[in-house]
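What follows is one structure encoded as structure tokens, with my remarks underneath.
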Amino acid sequence: MASIPQLPAALDRWQQTLNWQPTAQQQALFQQLYEQICLGNQRLNLTRLTEPSDFWEKHLWDSLSGIAPWLNPNQTAPSPVQTVIDIGTGGGFPGLPVAIAQPAWQVTLLDATRKKIQFLETVSQTLGLERVQGLAERAETVGQRADYRDLYDLALVRAVGSASTCAEYALPLLRLGGYAVLFRGQWTEAEGQALAAALIQLGGTQTALRSWSTPLTQSQRHCLLIQKTAATAETFPRAVGIPAKAPL
Ligand SMILES: C[S@@+](CC[C@H](N)C(=O)[O-])C[C@H]1O[C@@H](n2cnc3c(N)ncnc32)[C@H](O)[C@@H]1O
């Protein structure tokens with residue numbers, strides 16, 4: 001069985017780039033995650049990244065780069081976190097690496113595809129991630145449910161749609177003062193302008209735009225931090241399919 005990059009090389013890279021290191025137990029969980037997601041279930045086609053170094057960089061490192069402000073012991077976290085929702089989690093990213101790195105956080109993995117969520121629940125149980133739960137629903141439906149709205153401290157959204165679409169999924173689910181992290185590859189001024197207009201309608205304020213290169217292949221990444229600074233109108237999220245078809 002192939003191994004993801006092991007100590008000490010990976011530890012150095014975690015330390016240099018995120019100022020954080022996994023414990024030996026967390027490193028073992030990352031390896032188990034790799035085996036379960038990449039090699040364990042080819043049928044669901046959860047990821048096309050099966051090479052250990054690709055998995056480490058584009059799934060593990062990339063997922064944790066989004067929560068860098070909460071990992072770095074020298075930084076004050078933007079706000080305390082207990083509850084997290086990963087919207088459109090797919091193969092469990094960024095939610096599962098985040099749950100391993102932050103074992104005290106309660107992480108909900110949301111995806112519209114029930115089979116993916118059922119598989120991720122089994123993986124979470126196998127890895128002993130007791131604070132992870134799955135939710136097989138559309139983000140638009142969950143965002144209109146009173147038991148999920150205004151609930152989460154942190155929403156993570158990677159590779160699910162345009163930034164405005166992702167913001168419309170995330171903001172209704174956040175408590176006032178909570179944060180959304182939007183993971184992006186390239187980032188253009190036009191996207192920034194569209195997002196700014198959407199945030200006015202959704203009650204969000206962009207507080208940071210971080211830009212960096214990934215540590216192995218120097219691919220460009222952008223990460224947007226958005227705080228919920230006002231209540232989101234009840235009209236959002238709009239009906240299923242509309243946020244993606246007609247972004248704000
Ligand atoms: C390209 S995958 C990205 C998966 C993962 N976040 C990642 O970065 O590897 C997009 C996922 O979002 C889910 N998705 C798309 N729109 C959704 C919605 N409105 N509500 C819930 N899940 C959605 C899809 O089912 C799919 O699994």
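Indexing begins at 1, ligand by ligand and atom by atom, following the structure's order.
- Looking at every heavy atom in both residues, Pro22 comes nearest to Gln27 through CG-OE1, 3.6 Å.
- Ionic pairing of Asp150 and Lys228 is present here: one or more N-O contacts between side-chain nitrogen and carboxylate oxygen are shorter than 4.0 angstrom.
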Side-chain donor-acceptor pairs of residues 189-201 under 3.5 Å, sequence neighbours excluded:
unit_1: Glu191; atom_1: OE1; unit_2: Thr188; atom_2: N; d: 3.0
unit_1: Glu191; atom_1: OE1; unit_2: Thr188; atom_2: OG1; d: 3.2

Exercise answer: donor-acceptor pairs, residues 94-107 side-chain atoms, under 3.5 Å, sequence neighbours excluded:
unit_1: Gln102; atom_1: NE2; unit_2: Trp70; atom_2: O; d: 3.3
unit_1: Trp105; atom_1: NE1; unit_2: Val81; atom_2: O; d: 3.4

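- With salt bridges taken as basic N to acidic carboxylate O contacts below 4.0 Å, one links Glu168 and Arg238.
- Residues satisfying the side chain to side chain contact (heavy atoms under 4.5 Å, CB included) criterion with Glu57, sequence neighbours excluded, are Thr214, Pro215, Leu216, Thr217.
- Within 4.0 Å of ligand 1, contacts by protein heavy atoms are made from Gly88, Thr89, Gly90, Phe93, Asp111, Ala112, Thr113, Lys116, Glu137, Arg138, Ala139, Glu140, Arg158, Ala159, Val160, Tyr169.
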